[in-house]
Every structure is written in structure tokens, then in C-alpha cells.
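Structure record follows, encoded as C-alpha cells.
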There are 2 protein chains.
Amino acid sequence: IEKDLQATLCSGEGSGNKEAFRQAVSNTLERRLFYIKSFNIYGGVAGLYDYGPPGCAVKSNVLAFWRQHFVLEENMLEVDCPCVTPEVVLKASGHVEKFTDLMVKDEKTGTCYRADHLLKDFCNDKLQKDLNITAEKAKELKHILAVLDDLSPEDVGAKIKEFGITAPDTKNPLSDPYPFNLMFQTSIGPSGLIPGYLRPETAQGIFVNFKDLYYYNGNKLPFAAAQIGQAFRNEISPRQGLLRVREFTLAEIEHFVDPQDKSHPKFTEVAELEFLMFPRELQMSGESAKTFRLGESVAKGIVNNETLGYFIGRVYLFLTRLGIDKKRLRFRQHLANEMAHYAADCWDAEIESSYGWIECVGIADRSAFDLRAHTEKSGEALVAHEKYPEPREVEVLVITPVKKEIGLAFKGNQKNVIEALESMKEQEAMALKADLESKGEVEFYVCTLGKNVTIKKSMVKISKEKKKEHQRVFTPSVIEPSFGIGRIIYCLFEHTYYTRPSKAADQQLNVFGFPPLVAPIKCTVFPLVQNHQYEDVAKEISKSLTAAGISHKIDITGTSIGKRYARTDELGVPFAITVDSTSSVTLRERDSKDQIRVDVKEAASVVQGVAEGVRSWADVWETFPHHSKNKKKKEKSI
Amino acid sequence: IEKDLQATLCSGEGSGNKEAFRQAVSNTLERRLFYIKSFNIYGGVAGLYDYGPPGCAVKSNVLAFWRQHFVLEENMLEVDCPCVTPEVVLKASGHVEKFTDLMVKDEKTGTCYRADHLLKDFCNDKLQKDLNITAEKAKELKHILAVLDDLSPEDVGAKIKEFGITAPDTKNPLSDPYPFNLMFQTSIGPSGLIPGYLRPETAQGIFVNFKDLYYYNGNKLPFAAAQIGQAFRNEISPRQGLLRVREFTLAEIEHFVDPQDKSHPKFTEVAELEFLMFPRELQMSGESAKTFRLGESVAKGIVNNETLGYFIGRVYLFLTRLGIDKKRLRFRQHLANEMAHYAADCWDAEIESSYGWIECVGIADRSAFDLRAHTEKSGEALVAHEKYPEPREVEVLVITPVKKEIGLAFKGNQKNVIEALESMKEQEAMALKADLESKGEVEFYVCTLGKNVTIKKSMVKISKEKKKEHQRVFTPSVIEPSFGIGRIIYCLFEHTYYTRPSKAADQQLNVFGFPPLVAPIKCTVFPLVQNHQYEDVAKEISKSLTAAGISHKIDITGTSIGKRYARTDELGVPFAITVDSTSSVTLRERDSKDQIRVDVKEAASVVQGVAEGVRSWADVWETFPHHSKNKKKKEKSI
């Protein structure tokens with residue numbers, strides 16, 4: 001019930017509530033060192049954070065589960081590539097040219113802002129606060145918000161001028177917007193001649209290794225490669241705390257597949273899952289996300305293909321098992337203007353937080369774009385082969401421009417004409433052939449010249465020839481699930497946080513209700529009172545827990561048991577063992593506060609069972625005697 | 001036996017042998033994608049390597065064991081800080097000023113070289129190849145090699161000129177040597193005004209967080225913090241393959257301890273360990289490393305203190321459990337000229353490889369240097385407190401300059417004089433007081449003015465006063481074990497690699513004899529022949545292995561069983577299950593090639609037992625029937 005209240009509080013429309021909730025979570029996270037502002041003693045650096053001990057443990061657990069759930073389960077090929085990347089790689093990928101945000105500068109102080117953020121804030125503010133706004137004006141502002149990502153620097157600049165937007169801190173005028181590349185730049189080697197960048201994503205390291213990985217996989221498709229590692233984005237003005245940072249951990253999968261067959265053998269395993277999806281159509285018509293059955297979404301073509309659907313299902317399972325609230329998780333399809341031109345389809349796993357719906361995982365069918373880009377730039381063919389059981393006879397189109405004739409006719413333009421002729425598709429070429437045969441000459445559009453030229457029958461030979469082909473050579477498509485680990489963890493913090501009154505009802509206590517899977521420590525052990533016998537028992541149990549591989553902590557401070565429970569709840573430790581006799585101990589579950597009695601010798605193995613998910617707490621609760629001191633009548637939660 | 005031969009081959013003096021061995025290991029590593037030259041399709045970048053799938057798995061296993069062996073076992077506080085670091089932090093640590101190598105440039109082509117490497121190569125070459133060298137000259141060259149690290153840029157430049165050393169590739173003249181900072185430089189934020197670097201080590205992230213971590217630990221010493229992460233060094237001209245790279249994974253521990261008590265409660269657990277140590281004295285007298293008992297080394301003061309000794313012992317256990325050959329592992333103490341001035345003692349775990357003895361772990365008592373440096377630069381006191389059981393009365397020196405008198409006498413210089421007076425140590429102050437009382441005035445040296453001034457009795461009051469102190473405030477010492485994970489892994493590759501003849505004795509087969517702990521995959525499962533019944537059994541066993549958390553691979557290719565064994569040996573997979581019936585299967589151990597028969601239902605749990613080290617292979621060999629097809633008489637190895 002408390003959790004539901006919390007969910008309501010957080011998802012409630014009142015932004016004051018959201019901010020108060022966020023502040024409460026942040027205070028607890030910072031005080032317990034889940035994270036720390038990096039280089040804090042020097043004033044910190046915007047957008048850089050450390051994970052302190054419990055945060056670091058949560059992160060390790062999330063990554064370990066990611067490896068198990070994706071890499072091991074699907075036999076993915078995991079690789080580990082450097083962060084420092086030479087420019088040539090990121091030129092091929094398009095990052096050097098296009099990985100930019102529009103920036104404006106305060107013309108007096110030089111402070112930098114993201115132009116689109118200023119424009120967005122202005123529009124939102126006006127729409128929310130200006131009560132006298134005309135319907136027409138409101139429509140215009142809403143339109144700007146909808147097409148913001150498509151606006152050119154000039155358009156954004158014109159709007160900033162038109163609306164009189166100034167620097168938020170000083171009200172000074174702003175410069176014209178210009179694109180700022182978000183990659184951290186550096187130089188490799190001592191000569192200063194090899195420009196490099198810190199990678200903005202881990203994916204490129206996989207693409208450039210495609211040939212080796214394909215070979216490693218026995219030259220068979222489909223297969224997936226995966227990488228966990230740091231990525232870097234030199235954000236113009238980081239805000240939203242842990243959600244928009246300059247260095248972060250990405251976990252990325254590149255699943256290579258035959259573009260003619262995107263079925264997935266294990267799709268049936270996820271087809272029955274039902275969860276919130278937000279397809280393009282619903283967004284366009286102003287509706288909300290709805291619950292869909294995944295199998296149906298794929299069957300109806302809402303999700304482009306089975307492999308994409310399979311990963312959407314696996315991502316859903318991954319996030320909910322971590323402890324993300326499924327009521328505040330949706331899969332949103334990219335709108336046409338959000339998606340890269342080459343992408344076949346793209347869905348974001350969005351998690352609702354106090355900052356709104358946050359993109360935490362992107363699952364995109366990027367078609368053959370990346371491998372083609374690197375093939376072109378490097379000259380190394382990143383392709384797959386499919387051997388035919390027996391050679392096939394195929395008809396191939398052969399276009400042979402007669403260079404001498406074309407040269408005489410078109411002189412300096414001959415190359416353009418030849419290229420245009422050679423690049424004709426079958427239908428066009430056969431039509432041209434027919435026309436030439438019937439008319440002798442034909443008007444032909446050369447796009448690189450931007451005009452028609454007259455092609456005569458003597459200038460080109462077009463025919464179809466039979467050839468034997470032994471294999472099909474093609475560029476695989478890639479389906480890319482990409483996980484922002486830090487964002488997932490932050491949303492997990494918000495989703496699992498709740499408060500409850502202390503026993504004396506004089507204060508609210510903080511709890512992180514982490515599932516045991518991600519809890520930083522699985523169990524706390526404390527002697528009820530400071531005495532050697534109890535401490536020895538605590539040490540004995542600790543040894544058994546270590547042997548069982550269960551992370552835990554002994555707390556032998558003399559503070560009251562209530563305070564020690566509060567402390568351990570605040571770290572999200574799911575189980576606590578209180579040593580209150582030398583033969584048996586009390587085992588308490590965090591969320592229900594249920595307490596049972598267990599033999600000292602059995603304690604570690606019971607904790608191991610529930611911590612590793614082999615056994616449910618309900619089952620343990622049925623099996624063992626309940627702690628008697630707890631006088632109030634218990635109602636089992638689930 | 002084969003392993004011993006390999007060891008002899010490798011450690012043999014013949015450099016040809018070493019190179020052939022290294023080439024054989026590298027060929028296997030590259031072919032099986034343990035590692036890949038980064039960005040290979042673009043020609044690669046010197047000093048950057050990827051881990052391919054098996055290499056990445058070995059690395060994960062090494063790091064997981066590191067976490068278990070150090071972080072969990074000692075309850076260390078693990079943190080995770082960014083790679084991008086603002087300049088101020090690395091100025092405080094001394095890296096901006098001192099983290100340099102001496103560089104020379106080819107005066108015509110601009111190619112860069114490390115000056116010390118050229119000088120070293122020249123001396124070594126001369127000593128080895130010049131048969132007519134005089135005893136005097138030989139002595140001079142040996143002296144240069146011994147003091148190389150202490151030479152100034154001018155000295156190195158003079159020697160390069162004197163010996164006529166030219167650019168190795170072109171024989172062109174070289175520039176004068178100058179220091180080149182090895183940190184990759186970048187800029188944080190869009191303004192270009194915050195200079196930053198990629199961290200050259202992970203340690204600084206821990207030091208700057210000392211205050212928070214100390215608080216997290218209940219304001220108690222000793223405690224250790226740990227961090228695993230990427231570090232970066234922009235090497236001038238990387239060589240030695242995987243050993244000297246520009247980006248690498250470090251695992252570092254900072255153990256904070258009271259400088260007055262460096263004992264360690266768990267030292268007895270490692271005191272009886274015996275291994276090769278190479279103390280300063282043995283190195284100076286030209287002797288070799290010898291076997292020492294660790295307890296004795298600490299007792300005799302060869303190792304500075306118990307805590308340092310404890311970590312040396314734990315590092316020894318860590319490395320040997322990974323599979324590092326203890327005969328080719330030594331702990332070498334730094335010579336006085338190698339050690340930073342503030343360091344109390346420093347030992348490197350060096351592992352012998354085909355490149356010679358390689359520093360893989362540094363274990364240093366860095367005293368209070370780092371915390372003091374950051375205290376000074378940041379103004380934040382990074383100190384610990386020890387509460388006295390009851391307050392102590394102490395005498396403190398009180399120096400009170402009489403500002404009016406000093407101002408009148410020294411005008412513009414008054415501030416320098418006041419500072420000089422206030423910074424006097426006890427002895428000097430008391431002497432001054434006595435002199436003033438007897439003579440009335442005294443000549444006093446003010447270093448910031450560079451001259452003596454006359455101080456009169458009226459200008460300063462000096463006294464000793466009694467004060468009650470409730471606690472001791474001090475800067476903790478830090479003991480830092482720092483692990484180069486990539487170097488350890490490379491040495492592990494060399495130490496576990498061996499070859500053995502194929503069954504037909506027509507070729508040598510490669511084996512990586514990884515202990516199960518680090519093996520990239522624990523088990524391969526293959527049906528003896530391609531048939532559905534066997535494949536179903538293989539899948540059933542695979543499911544049980546997955547449930548048991550044992551990484552494995554099914555190989556259903558139709559290749560011969562011998563070839564499949566060879567393939568799995570080359571990846572260092574310790575166990576292989578051949579499905580040759582539907583009721584029981586053959587389980588083979590990699591190094592002994594022993595084969596036993598196990599029930600299908602039991603197979604996964606037997607593999608789990610030996611893979612997790614709960615059970616030895618010898619024990620399994622005793623328990624189960626031996627595979628009968630193997631006609632040759634078996635001799636058990638161990």
C-alpha cells in the first residue's frame with residue numbers, strides 16, 4: 001500500500017510533489033553514498049558523478065544480471081574495445097559531422113546553452129503560464145515543440161530572435177545558434193597528428209570487428225556481439241542530475257541478421273508477454289500508451305519484425321526483474337521524424353521518473369547502415385555469405401556504355417553520363433533499351449548534371465546475361481538494443497524508494513525496496529547486544545554467508561535494534577539476522593518486516609535461498625516459526 | 001612435463017627461442033580472437049587493443065575473482081569514478097607537472113621516440129655486440145643503465161650527442177630531449193575553458209573522496225577503498241604488444257591506516273607463505289631473487305610493515321590462483337632511486353615473460369603524500385581523528401607578532417616578516433625568545449625577502465601554553481596495491497600456453513592450460529555424431545549447465561572428435577562432454593586428457609563441482625569409471 005501511495009505521489013501531476021519526492025530520494029542517495037558529485041572537494045564538475053560503495057554494488061549487480069540475461073542466455077560474443085577512438089572511425093559512423101547539439105552563447109559572459117532547450121522551455125512556459133495566449137499562438141508554439149528536432153540552426157535562431165529569448169541567468173542577448181560537437185576531443189600519440197575522440201557509444205567497436213566476429217561465429221548468421229563500457233558526451237549544459245551526464249556506462253548489443261529473414265526462433269518465449277506500448281499511431285492521434293500482447297504487435301506489423309520484438313520482450317523482462325515498476329514502463333515507438341533515415345523501426349524503453357518519461361533503452365533496427373558506412377570508408381567488405389546448396393543460374397543485367405561515342409557527344413560531362421547509365425535499375429534499363437530500339441534516341445535525365453541529355457542507340461548496350469552464382473553476398477542488418485545503465489539505475493532508485501513511519505511514529509523512515517538480485521548487500525548480521533557470545537555467533541554466520549557467496553555486513557555497533565534496522569533498510573538490504581541467542585536467530589525481511597526464527601546453523605542457507613531467488617519469502621514464512629516478540633497481528637503482504 | 005619444457009624454452013636465455021615462443025602464443029591468441037588490434041580495418045592504432053570473446057571472458061573472470069579475493073574478503077569500499085578528470089585534481093597529484101617521459105624527435109621526419117629507450121638500447125647493444133669494448137667503456141655504459149631514471153634531460157641529450165645516436169628508422173639526427181606529458185588531454189564543457197585529462201590511474205578518484213569514505217566507514221581506521229576502471233597513458237612509442245598500451249584496465253586498492261600502527265590483524269594468515277623475493281640488498285649486491293618466508297621478511301624489517309606484507313601475501317595468492325607460475329613470479333623491492341621521496345617502501349610483483357620480468361602489480365606504502373597534497377590544494381582537511389579516552393593536557397607553542405610594531409619597522413615587508421615569525425618551529429622560536437630576552441634584538445632571516453631583518457623584543461611574544469586536547473588529528477598513510485589487469489592476463493597467457501603432438505603426431509597442437517577459475521568457457525558439449533537423439537541429450541545437459549551457472553558451448557559441427565578437442569583445448573576450455581550414448585557420456589579433462597564415463601543426469605553437476613573447485617579432478621577420476629575406448633595405458637599426471 002505504501003508503495004502504491006508513493007507511486008501515486010510520484011506520478012501525480014503536481015510538479016511540486018515530484019520535486020519534493022526527488023529531493024527526498026536524492027537526499028537519501030547522497031547521504032548513504034550511493035553516488036557522490038565527482039571531485040567534490042574541488043567544487044565538482046557538472047555532469048560527472050561517482051558511484052560510492054552501495055551505488056557501485058548495485059551497478060555491479062545490474063551489469064552481472066545483464067551479462068547473464070543477455071550475453072550468456074543468447075551466447076553473445078562479448079568484446080571490450082578502447083574508449084579512445086581515432087577520428088577516421090567516427091567520420092565513417094557520421095559522429096564527427098552529425099553528433100552535435102545546437103548551442104547559443106550569452107553574448108556578454110560567454111556562458112553556453114542548448115538552443116533547443118531554451119526554445120522548448122520558452123514554449124512550455126508560455127503555454128502553461130500565459131493565460132491570455134491566443135488559440136493561434138498556442139497552436140504555433142505546440143507546432144514548434146512537435147518539430148523541434150527538425151528545425152535548422154537558422155530556424156531556431158530566427159525563433160529565438162522573434163520571441164526575444166535571452167540568456168536565462170543574465171537576460172543578456174544570445175548569439176546565433178551553431179552546432180557544437182558533443183564528443184570529447186583528444187590527440188593520440190606524441191606528434192599531435194592523429195586526432196581522436198572519446199567514444200560516444202560502444203557500438204562502433206563492434207561494427208569495425210564484424211569480419212572477425214562473423215568468422216569466429218563460424219561464418220554463420222544470425223549472431224550477436226555485446227559490449228559493456230564507458231561512453232562520453234560533452235553535454236553543453238548538463239541538467240537532470242544522474243540522467244544527463246558527461247560520462248556513463250553503456251551496455252550495447254549488436255544482433256546481426258539476414259535482412260531477408262528477421263524471424264527469431266525464441267520469439268514464442270516472449271510472445272505472450274503483455275505490457276504498455278506506445279506505437280507511432282497512438283502518439284500521432286494524441287492517445288496514451290496501451291497494453292498490448294507482444295505477439296499481436298508483431299503479427300499486426302506494429303513492431304517491424306520478430307527479432308526486434310524478441311528483444312523488446314527480453315528488455316521488458318530484464319527491467320522488471322531488476323525492480324522497475326511495470327506500470328511506469330512503456331515501449332515508445334519513434335516517430336518518423338525522430339528516426340534516422342536508414343532505420344527500419346525503433347522503440348525506446350521509457351521509464352517514468354520524477355523528471356518525466358526517460359529513455360533508458362533504445363531498441364533499433366538500423367538496417368545495414370553501419371556496416372555499409374565502414375565498408376565504404378575502410379574498403380574492407382563487411383558482408384555475409386550464404387552458400388547456395390547448388391549453384392544458381394541467375395539473369396544479370398549488363399549495361400555497357402560505349403565510351404568513345406559518349407566521349408565525343410558529351411566531352412567534359414561524359415563521366416556523369418556513364419555513371420548515370422550504369423546505375424540504372426533493371427526496369428529503367430529495359431525500358432531505355434526498348435525505347436532506343438524503337439526510336440533510335442531518347443531523352444535521359446542525368447541527376448549529377450541536373451538535366452536531360454540525348455542518348456543514341458550507339459552509345460550503350462543493354463542486355464541480360466545468364467550467370468552461375470554460388471552464393472549470395474549481402475550486408476547484414478543490425479538490431480541494436482542499447483542500455484543506459486546509469487539511467488536505469490537512477491529510475492530503479494526512484495521506483496524502489498518509499499517511506500514508512502518509525503515505530504514511535506515520530507519520523508518517516510526511508511527504504512529502498514531493491515529486489516535481492518540488485519541489493520548492494522544481501523544481508524546484515526547484528527548481535528542484539530554487545531557481548532562476546534553473540535558476536536561469535538555473528539562471525540560464524542558471516543563465515544557461512546561468505547562461503548555461500550552472499551554479500552553481507554556485520555554491524556556490532558551498540559545502537560538500538562530499531563536504528564540498525566532503519567540503517568539497513570535505507571541501504572535496501574533485504575534481510576537482517578539479529579543474533580539474540582546462541583542457538584537460533586531472528587531473520588527479518590525488509591518490506592514486510594516479517595520476522596522468523598531460524599537455527600544458527602541453518603541461517604546462512606535460508607538467506608542464500610531467498611537472496612538467490614531459489615525460494616520465496618512466502619515459502620520461508622510458512623516453514624519457520626514466527627518471531628514471538630512481535631505482538632501485533634501480522635497481515636501477510638502477498 | 002610438456003609444461004616444464006615450455007617453461008625452460010621460454011625462460012631460456014636465447015632471445016631467438018623467446019621470440020619464437022612469443023610468436024606462437026600470439027598467433028594462437030590472435031587467431032582465436034583473444035585479442036584484436038583495435039580499429040584494424042582502418043590500419044589500427046599503436047597501443048590500442050580489443051579483447052575478443054574469449055579474451056573478454058578471461059578478463060571478466062579475472063576481475064570477478066579480484067573482487068571476491070580483495071573487495072569482498074576484506075570488506076573494501078568499492079567506488080566507480082569517471083575517466084575524465086579536471087586539471088586541478090591532477091595538478092594536486094603532481095601528474096600535470098611530473099607524469100612525463102623524455103622525448104626526442106627525428107629532426108627531418110618529426111617521428112617521436114623515447115629518449116631513454118634509445119639510450120638504453122644503444123648501451124645494451126654496445127655491451128652485447130661490441131667485442132672490442134674497453135673495460136672502462138663497459139663500466140661507463142653499465143653505469144648509465146643503472147642511473148638512467150635519474151638523468152636530467154640535459155644529461156640524456158648530452159649522451160645522445162656524445163654517442164652519436166640517431167633516429168632508428170632513418171638515421172637522421174635527433175632533437176634535444178624534452179619532457180612529454182603522457183596524459184591524454186581534453187577539454188570539459190563547451191566553453192573550452194576547463195582543461196581536463198583522461199585519468200592516468202584510478203587512485204585519485206579515491207583520494208578526493210577520502211572524507212566521505214571515512215565517514216561511511218563510521219570514522220574508523222583502517223579501511224580500504226577499491227576501484228576497477230580504465231586508465232590512459234599516451235605512450236610516445238608503444239612497443240611490447242599487450243604490455244605497453246595506451247588504454248588499460250587498472251584495479252587499485254587504497255588501504256588507509258594510522259601511520260603509528262601499520263600492524264594487520266590477518267597477517268598471520270599469510271605469514272607462512274614462502275616465495276621469491278628480491279629485496280634491495282640482493283639487487284645492489286648483484287645476487288638473484290631468493291625464497292623468503294613472508295613472516296620472516298616482515299620480522300627482519302626487509303618489508304617495512306605488516307600491512308604491506310599482508311598485501312604482498314594476498315597478491316601472491318591471487319596471482320598463483322589465477323594460474324601464474326610461482327617459479328616465474330617474484331616480488332622486487334624498489335631501489336632508493338626508483339622510489340618517490342615520500343614512499344616508505346615499495347614492492348613490485350614481477351612476472352617473467354618472453355619480454356623479461358614485467359611489473360604487473362605495484363604494492364607501495366605511499367605514506368601521507370596523496371591525502372596531504374589534496375588537502376593543501378583543495379583546502380579540505382583529509383584527516384582522521386582518534387578520540388582520546390580522556391582529554392590530554394599538551395603544551396602548545398604560541399607565537400604572537402605585535403603587528404603595530406612590525407608595521408612601523410618594516411612597512412611594505414611587514415607581511416613577510418609576520419609569516420616568517422609565525423612559521424617558526426618550536427626549537428627556533430624558543431631560541432629566538434631566549435636571544436630577545438638576553439639581547440633585546442636579534443638578526444632574523446626572512447626567506448621570502450631573502451635577507452636578514454632586525455627583530456626587537458617588542459615585536460613578538462613567544463610562549464608555551466597548556467591546552468586540553470580531546471583527540472589526535474592526523475593524515476592517514478595509504479598502502480596501495482595497484483594491478484595492471486592486462487599485463488597479468490598477458491603473462492597468464494604465456495604461462496599457461498603449451499603445445500603437444502596431435503594423435504597422428506603430424507602436428508603440434510596448442511593448449512591454454514587455464515585453471516577453471518579463469519577459463520573463458522568451462523565446458524564444451526558435443527554430440528559424437530550428428531544425430532537428433534545425441535543433439536537432444538546435448539541440449540538437456542546444456543540446460544542443466546545453464547541452470548548451474550556454468551558457461552559452456554555446444555559444438556554440433558560435423559568435424560572429427562579430435563579436431564573438436566583440439567579446438568576447445570586451444571581456447572583453454574578445461575572440460576569437454578562428448579555425447580556418445582543417450583544414457584551416459586564421456587567427460588574429458590583438458591590437460592591430462594583423462595576421460596571418464598558419467599550418467600547424463602549427473603554430467604552437469606560433476607562439471608560444476610570441478611569447475612568451481614569444490615572437487616578435484618583426481619577425486620572425480622577415482623570415483624567414476626574410465627572411458628574404455630582409450631586403449632593406451634594411462635598414467636595419471638598428479
Side-chain angles (χ1 to χ4, degrees), chain A residues 33 36 38-42 45-46 48-53 55-57 59-60 67 72 75 77-86 88-89 103 110 112 180 184-191 194 198 205 208-209 211-213 216 218 230 232 234 236 246-247 374 378 380 546 551 553 557, chain B residues 33 36 38-42 45-46 48-53 55-57 59-60 67 72 75 77-86 88-89 103 110 112 180 184-191 194 198 205 208-209 211-213 216 218 230 232 234 236 246-247 374 378 380 546 551 553 557:
Chain A
L33 246 53
I36 309 163
S38 298
F39 319 113
N40 208 2
I41 60 172
Y42 292 102
V45 175
L48 293 181
Y49 294 90
D50 302 341
Y51 288 96
C56 195
K59 186 180 167 189
S60 282
R67 249 191 198 113
L72 291 185
N75 255 306
L77 308 182
E78 193 180 345
V79 300
D80 183 11
C81 310
C83 301
V84 172
T85 305
V88 61
V89 174
M103 182 157 94
C112 305
F180 172 75
F184 283 97
Q185 197 168 5
T186 189
S187 174
I188 307 171
S191 68
I194 310 176
L198 301 186
V208 299
N209 282 326
K211 206 177 162 185
D212 281 338
L213 294 171
Y216 187 83
Q230 293 303 89
F232 305 81
N234 194 9
I236 292 171
R246 286 177 164 150
E247 179 174 342
H374 286 295
S378 71
E380 188 81 58
T546 302
S551 65
K553 206 180 163 178
T557 56
Chain B
L33 245 54
I36 309 163
S38 298
F39 318 113
N40 208 3
I41 62 171
Y42 292 101
V45 175
L48 293 180
Y49 294 91
D50 301 340
Y51 287 97
C56 195
K59 185 180 167 190
S60 284
R67 251 194 196 111
L72 291 185
N75 254 307
L77 308 182
E78 191 179 345
V79 299
D80 183 11
C81 309
C83 302
V84 172
T85 306
V88 61
V89 174
M103 182 158 93
C112 305
F180 172 76
F184 283 96
Q185 197 168 5
T186 190
S187 175
I188 306 173
S191 68
I194 310 174
L198 300 187
V208 298
N209 281 327
K211 205 176 161 184
D212 281 337
L213 295 170
Y216 189 83
Q230 294 301 91
F232 305 81
N234 193 9
I236 292 171
R246 286 177 164 150
E247 178 173 342
H374 286 295
S378 70
E380 188 82 57
T546 302
S551 65
K553 209 182 162 176
T557 55

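Chain A is the first sequence line, chain B the second, and so forth, proteins listed ahead of strands; every chain is numbered from 1.
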Which of B:Val89, B:Leu77, B:Asn234 touches chain A most, by non-hydrogen pairs under 4.5 Å
B:Asn234
Count the heavy-atom pairs under 4.5 Å between each of A:Thr546, A:Leu198, A:Leu72, A:Asn40 and chain B, then report the option with the highest count.
A:Leu198
Assert top hit (heavy-atom pairs under 4.5 Å, partner chain B, pool A:Cys112, A:Gly205, A:Gly218) equals A:Cys112
Residue set satisfying side chain to side chain donor-acceptor pair (under 3.5 Å) with A:Gln230, at least two apart, ordered chain then number -> A:Glu247, A:Thr249
Max heavy-atom pair count under 4.5 Å with chain A, selected residue of B:Ile236, B:Leu33, B:Asp80
B:Asp80
Looking only at heavy atoms and a cut-off of under 4.5 Å, which of A:Ser187, A:Ser191, A:Gly110, A:Ser551 has the most pairs with chain B?
A:Ser187
Smallest heavy-atom separation, A:Asp50 atom then B:Pro82 atom, equals OD1-CD, 3.0 Å
Between A:Tyr42, A:Phe232, A:Phe184, A:Tyr216, the one whose heavy-atom pairs under 4.5 Å with chain B are most numerous
A:Tyr42
A:Lys211 versus chain B, heavy atoms under 4.5 Å apart: side chain, backbone, both or neither?
neither
To the nearest 0.5 Å, atom OG1 of B:Thr85 lies from atom CD1 of B:Ile188 at 7.5 Å
Can you say whether A:Val84 sits under 4.5 Å from chain B via the side chain, the backbone, both, or neither, judging by heavy atoms?
both
Heavy-atom cut-off 4.5 Å, strictly under: side chain, backbone, both or neither for A:Tyr49 against chain B?
backbone
Structural part of B:Phe39 lying under 4.5 Å from a heavy atom of chain A
both
Which of A:Glu380, A:Arg67, A:Glu78 touches chain B most, by non-hydrogen pairs under 4.5 Å:
A:Glu78
Of all of B:Cys56, B:Gly52, B:Ser38, which one pairs up most often with chain A through heavy atoms under 4.5 Å apart?
B:Cys56
Segment of A:Ser60 engaging chain B (4.5 angstrom heavy-atom cut-off)
side chain
Which residues satisfy the salt bridge (charged side-chain N to carboxylate O under 4.0 Å, His left out) test with B:Asp212, sequence neighbours excluded?
none
Go through the steps to decide whether B:Cys81 and B:Val208 satisfy the test side chain to side chain contact (heavy atoms under 4.5 Å, CB included), and finish with yes or no.
CA-CA 10 Å; B:Cys81 309; B:Val208 298; over 6 Å; no
Between B:Asn75, B:Thr557, B:Ile194, B:Ile36, which shows the greatest number of heavy-atom pairs under 4.5 Å with chain A?
B:Ile36
Pick whichever of A:Gly55, A:Ala46, A:Ala57, A:Cys83 has the most heavy-atom pairs under 4.5 Å with chain B.
A:Cys83
